[in-house]
Amino acid sequence: MDLEEFLSENGIPPSPSQHDHSPHPPGLQPASSSAPSVMDLSSRASAPIHPGIPSPNCMQSPIRPGQLLPANRNTPSPIDPDTIQVPVGYEPDPADLALSSIPGQEMFDPRKRKFSEEELKPQPMIKKARKVFIPDDLKDDKYWARRRKNNMAAKRSRDARRLKENQIAIRASFLEKENSALRQEVADLRKELGKCKNILAKYEARHGPL
């Protein structure tokens, strides 16, 4: 057996030149040995791992117009209108206050007393009943007791009506003063608001809308 037959039977190429043939197809090139075997992730270090979670750098960016304000932003609390006190130069006459106050009770304060719509309704004119003449011989003790009781009730009714009329008059006088002071304050605030609008318009014309 010669050398070539021995090599052919054992699957060995007969000549060293056969080792240079490429085992890959003609149209493909072998991968370069210099290519990195591990992917370089340094360029992706700043990218978020989850698409729904922003990166720390994004959290530090300033809030632009149109974006939602943070939840911990300090906002003014609502004001109860009844707690607002307007400085009013109103000093009622002590005699009028005495006529508007119930004896033995607290002095009437027009700044705090408020009347309901029912109390401010005009009272209808009540026509008095025609007087009935009663002879003197029929005016017994029962008649005079009924007359005294009726007179006391009428007096209490007149005093209560006069007291309420005095209170309403003083309250109306105070409200007129307060209304005048509020109108002046509104006028001052509108003037100040106009100045702020002019400043804001000039700023937006130069630097764009906020």
Side-chain angles (χ1 to χ4, degrees), residues 66 68-204 209-210:
L68 295 178
L69 296 175
N72 58 352
R73 181 171 179 258
N74 294 329
T75 56
S77 59
I79 300 176
D80 186 8
D82 294 334
T83 60
I84 300 176
Q85 295 183 357
V86 181
V88 180
Y90 174 72
E91 292 296 336
D93 190 357
D96 295 339
L97 291 179
L99 294 175
S100 304
S101 304
I102 301 176
Q105 295 187 10
E106 186 179 359
M107 189 68 69
F108 175 73
D109 188 0
R111 295 175 177 81
K112 298 180 181 180
R113 179 67 167 92
K114 296 181 180 180
F115 296 93
S116 62
E117 295 182 3
E118 189 67 25
E119 292 177 318
L120 296 176
K121 282 184 177 180
Q123 299 297 324
M125 299 295 295
I126 299 176
K127 187 177 181 180
K128 292 183 178 182
R130 181 179 297 180
K131 293 183 178 180
V132 179
F133 178 75
I134 299 176
D136 293 339
D137 56 348
L138 297 178
K139 295 179 180 178
D140 53 1
D141 295 339
K142 186 178 180 180
Y143 167 80
W144 290 113
R146 186 171 62 251
R147 281 288 304 270
R148 285 192 297 269
K149 186 177 180 179
N150 188 26
N151 291 340
M152 291 176 62
K155 184 177 184 301
R156 286 196 300 266
S157 178
R158 289 192 300 269
D159 292 343
R161 184 178 68 252
R162 190 178 298 111
L163 179 69
K164 181 178 290 187
E165 290 175 354
N166 293 340
Q167 291 179 351
I168 292 176
I170 296 179
R171 173 69 175 173
S173 178
F174 166 73
L175 291 178
E176 288 181 357
K177 295 286 187 179
E178 186 182 40
N179 186 34
S180 178
L182 288 173
R183 288 181 179 275
Q184 183 62 39
E185 185 174 354
V186 170
D188 295 340
L189 290 176
R190 286 183 176 179
K191 185 177 180 181
E192 184 177 356
L193 178 61
K195 293 181 180 179
C196 295
K197 285 184 177 180
N198 292 335
I199 295 174
L200 180 61
K202 292 179 180 179
Y203 178 86
E204 290 182 347
L210 295 176

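- With respect to the salt-bridge test (charged N to carboxylate O, under 4.0 angstrom), the residues Glu118 and Lys121 qualify.
- Looking at Asn151 and Lys155, their side chains never come closer than 4.5 Å, going by heavy atoms from C-beta outward.
- The minimum heavy-atom distance linking Phe115 with Gln167 is given by the pair CZ-CB, 3.7 Å.
- For the atom pair CD (Glu185) and CD (Glu178), the distance works out to 10.0 Å, reported to the nearest 0.5 Å.
- Side-chain N or O atoms of Asn166 include one that pairs as donor or acceptor with a backbone N or O of Arg162 at under 3.5 Å.
- Taking a 6.0 Å sphere around CD of Glu119, one finds it holds more than 12 heavy atoms contributed by other residues, nucleotides or ligands.
- For the atom pair Ser173 OG and Ile168 CD1, the distance stands at 13.5 Å (nearest 0.5 Å).
- Heavy atoms of other residues, nucleotides or ligands lying less than 6.0 angstrom from CG of Asp141 number 12 at most.
- Expressed to the nearest 0.5 Å, how far OG of Ser100 lies from CE of Met107 amounts to 9.5 Å.
- Distance check: Leu120 CG to Lys114 NZ gives 13.0 Å after rounding to the nearest 0.5 Å.
- Under the 4.5 Å side-chain criterion, counting only non-hydrogen atoms from C-beta, Leu97 is in contact with Pro110.
- In this structure, Asp188 does not pair ionically with Lys191, as no charged nitrogen and carboxylate oxygen lie closer than 4.0 Å.
- Here Phe174 contributes atom CZ and Arg111 contributes atom CZ; the two are 5.5 Å apart, rounded to the nearest 0.5 Å.
- Look at Arg113 and Asp109 and you find no salt bridge, because none of the NZ, NE, NH1 or NH2 atoms lies under 4.0 Å from a carboxylate O.
- Note that CD1 of Ile199 is 7.5 Å distant from NZ of Lys202, once rounded to the nearest 0.5 Å.
- When the options Lys142, Lys149, Arg148 are evaluated for a side chain to side chain contact (heavy atoms under 4.5 Å, CB included) with Arg146, the one that passes is Lys142.
- Minimum interatomic distance between Ala181 and Pro87 (heavy atoms only, all atoms of both residues): CB-O, 4.0 Å.
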Item to check | Residue pair Tyr90, Ile170: steps toward the side-chain contact (heavy atoms from CB on, under 4.5 Å) verdict | outcome: CA-CA 10 Å; Tyr90 174 72; Ile170 296 179; 3.3 Å; yes
